[in-house]
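When a ligand or atom number is given, it counts from 1 through the structure's own listing order. Start at 1 with the first residue, then count along the sequence. Everything quoted here is computed from the prediction, not taken from an experiment.
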Amino acid sequence: MDEELEQTAPKGKNDTFHDLTEKVEKAIAVAVVRKGADKEKVFDYLDELDELAETAGAEIIEKTYQELARPNPATAIGTGKVEELKEVLRENDVHLVIFDDDLTPAQTKNLENAWGVKIVDRSGLILDIFAKHARTLEARTQVQLAQLQYMLPRLTRMWTHLSKQYGGIGTNMKGKGETQIETDRRLIKIRIQRLKEDLKEIAGQKEVQRKNRIDLPKFALVGYTNAGKSTLMNAITDAGCYVEDKLFATLDTTIRGITLPSGQKSVISDTVGFIRKLPHHLVASFRSTLSEARDADVILHVVDVSHKLFREHIQVVRDTLDGLGIKDKPTILVFNKIDKFEDREMLNAIKEDYPDCIFISAKKLHNITSLLDLMQEKYDENVKCTNILLPYTDMQKISQIYGLCEIIKRTDGDDGIQLELKINKEKDQIFFHHFEQYITQ
Ligand SMILES: Nc1nc2c(ncn2[C@@H]2O[C@H](COP(=O)(O)OP(=O)(O)OP(=O)(O)O)[C@@H](O)[C@H]2O)c(=O)[nH]1
Ligand SMILES: [Mg+2]
């Protein structure tokens with residue numbers, strides 16, 4: 001039975017959740033906003049939804065919003081708006097409505113019944129894009145897990161994904177017995193459990209690989225989607241990371257070696273971007289992908305400073321990192337895409353608000369050398385140098401030392417092994433607890 005489900009559950013790349021990718025589908029975008037909200041911002045948010053829709057393969061032909069004290073529990077928007085949009089959908093022959101907010105399963109169902117069209121909410125759309133872009137086994141497993149968790153409470157509506165004979169998306173589930181749905185719900189729960197176990201196993205293998213890697217200084221690129229992380233990765237290495245002017249081009253982590261200005265070998269990782277209101281299931285399942293950021297000595301927070309909402313993007317990234325328990329890391333705020341500014345005066349004003357930032361253009365390779373200098377500086381600020389002499393009788397401890405520190409120089413002398421080390425300040429305490437007796441200076 002589980003096998004049957006496995007065959008029909010969403011598989012990622014070629015079997016996406018809402019199937020928007022087959023052909024460009026016309027859609028309207030709807031947002032529900034609190035009374036008195038900043039109108040300009042509302043349209044900026046809808047523009048972002050437009051980009052998401054485009055990435056998923058849909059074309060937004062109209063954007064609309066409604067101000068409400070609170071969303072209508074039955075239909076998110078008010079009944080008058082439901083009627084008004086019904087007309088718009090009919091007149092324009094549109095069969096898809098995309099909501100900027102997450103809808104409850106009941107709201108989705110009621111709107112589908114009222115309009116007779118497909119309804120996709122923000123989380124559903126993002127999940128769809130992730131499914132389309134997932135390439136490695138880990139990313140595909142992570143997305144599949146998030147999709148099934150999203151699907152579970154919406155099972156009646158999602159029936160078509162489990163039983164292909166019912167065809168199109170959003171088809172009404174009339175005639176399907178509760179018993180059948182119960183069976184599916186049980187099967188999905190089993191599948192979720194399996195995927196979680198698979199992910200644990202993959203994470204375990206990665207952990208082994210990580211442990212086997214020589215402990216070089218680590219830098220991690222993080223940032224809002226489309227900020228230019230992969231472009232920057234390519235600019236400072238020759239990694240050949242996948243760059244595209246689409247949201248969520250990168251879903252996996254790429255790690256490459258770089259040499260710092262001092263000649264110090266180090267590694268840099270590029271990973272999945274963030275976005276406002278990232279579905280929580282996705283954040284949870286991408287925990288392991290983001291573990292490189294957790295392990296990093298220095299984080300490079302890349303920002304598209306030419307974006308109107310860049311300040312908000314910075315906050316979203318900071319909040320997401322906080323939510324993942326990644327905080328208080330030495331961070332460089334990298335303001336990218338400055339080639340888009342004709343008026344450099346603007347940058348001076350920005351610098352006043354973010355005095356520690358660095359302005360670059362990853363695409364035009366502007367200021368990359370200064371960035372590398374800053375990376376070196378930031379790393380050095382956070383490490384401490386020390387020398388130890390490890391007697392041959394305690395030789396078994398050497399791998400632990402290699403795991404904790406960066407070895408600058410090793411001399412195998414008469415009394416033991418002399419090591420010149422760099423220790424990250426975060427690991428300082430553990431190091432001194434275990435190796436204090438060997439310190440020579
Ligand atoms: N003008 C300009 N465009 C840039 C610059 N850096 C990146 N871009 C463009 O921005 C778009 C997104 O770049 P990516 O490097 O894929 O961005 P990313 O942050 O890796 O995006 P995700 O993987 O989707 O999170 C591409 O079209 C790049 O060519 C820059 O310095 N200037
Ligand atoms: Mg990328």
Side-chain angles (χ1 to χ4, degrees), residues 13 47-57 125-136 138-139 142-143 219-256 268-279 282-283 286 289-290 292-293 296 299-310 312-314 316-318 320-321 324 331-344 346-347 350 357-372:
K13 209 177 168 192
D47 283 347
E48 182 176 88
L49 191 68
D50 196 344
E51 275 182 72
L52 282 169
E54 193 193 320
T55 306
L125 193 61
I126 295 176
L127 282 166
D128 191 41
I129 295 171
F130 270 63
K132 196 171 123 190
H133 293 181
R135 288 191 170 70
T136 62
E138 183 178 29
Q142 286 167 327
V143 176
F219 296 88
L221 292 159
V222 300
Y224 210 75
T225 180
N226 221 40
K229 299 176 293 297
S230 301
T231 312
L232 180 57
M233 177 86 162
N234 290 339
I236 45 184
T237 68
D238 52 353
C241 288
Y242 187 62
V243 173
E244 210 184 339
D245 195 10
K246 289 229 162 136
L247 308 183
F248 303 111
T250 310
L251 287 193
D252 305 296
T253 306
T254 317
I255 304 167
R256 289 286 181 273
I268 183 160
S269 63
D270 172 30
T271 190
V272 57
F274 301 147
I275 198 163
R276 140 178 184 270
K277 299 189 198 161
L278 199 58
L282 264 181
V283 178
F286 272 79
T289 302
L290 290 162
E292 294 301 331
I299 286 183
L300 272 66
H301 178 170
V302 185
V303 180
D304 173 359
V305 73
S306 72
H307 199 289
K308 245 168 128 184
L309 296 178
F310 84 89
E312 199 172 324
H313 291 178
I314 292 176
V316 169
V317 171
R318 286 180 174 162
T320 315
L321 288 174
L324 285 162
T331 303
I332 303 175
L333 205 48
V334 184
F335 283 167
N336 188 30
K337 306 199 189 182
I338 57 159
D339 56 292
K340 284 190 164 183
F341 284 83
E342 278 174 14
D343 174 15
R344 295 279 163 110
M346 287 262 298
L347 298 182
I350 294 172
C357 72
I358 176 165
F359 293 108
I360 65 150
S361 166
K363 197 170 174 176
K364 302 274 189 268
L365 300 181
H366 185 81
N367 240 0
I368 303 297
T369 337
S370 312
L371 175 62
L372 283 164

Pick from His301, His307, Arg276, Arg318: which one makes a side-chain contact (heavy atoms from CB on, under 4.5 Å) with His313?
His307
Going by the order shown, which atoms of ligand 1 are within less than 4.0 Å of some heavy atom of Gly273?
25 (O)
Examine all N, O or S atoms of Thr271, backbone included, and report whether one is under 2.8 Å from the Mg ion (ligand 2).
no
Phe335 vs Phe310 side-chain heavy atoms within contact, under 4.5 Å
yes
Going by heavy atoms in the side chains, are Ile268 and Thr237 under 4.5 Å from each other?
yes
So, is Val272 polar-close to ligand 1, with some N/O to N/O distance under 3.5 Å?
no
The option among Lys364, Lys337, His366 carrying the non-hydrogen atom nearest to atom 9 (C) of ligand 1 is Lys337
My understanding is that we take every heavy atom of each candidate and find the minimum distance to atom 12 (C) of ligand 1. Doing that for Asn226, Asp339, Thr55, which one comes out nearest?
Asn226
I'd like to check whether Thr225 has a polar contact with ligand 1, where a contact means an N/O of the residue lying under 3.5 Å from an N/O of the ligand.
yes
Consider every N or O of Ile360 and every N or O of ligand 1, then say whether any pair is closer than 3.5 Å.
no
May I ask you to list the atoms of ligand 1 that are less than 4.0 angstrom from any heavy atom of Lys340?
1 (N)
Residue pair Leu232 / Asn336, side-chain heavy-atom distance below 4.5 Å
no
Any Gly223 heavy atom less than 4.0 Å from ligand 1
no
Flag side-chain contact, heavy atom, 4.5 Å: Ile360 against Val334
yes
Backbone of Thr254 reached by a side-chain donor or acceptor of Arg256 within 3.5 Å:
no
Is any side-chain heavy atom of Thr55 closer than 4.5 Å to a side-chain heavy atom of His133?
yes
Test of understanding: given a 4.0 Å heavy-atom threshold, classify the contact between Thr231 and ligand 1 as side chain, backbone, both, or neither.
both
Would you call Lys229-Asp270 a salt bridge at under 4.0 Å N-O?
no
Those atoms of ligand 1 less than 4.0 Å from some heavy atom in Gly228:
7 (C), 13 (O), 14 (P), 15 (O), 17 (O), 18 (P), 19 (O)
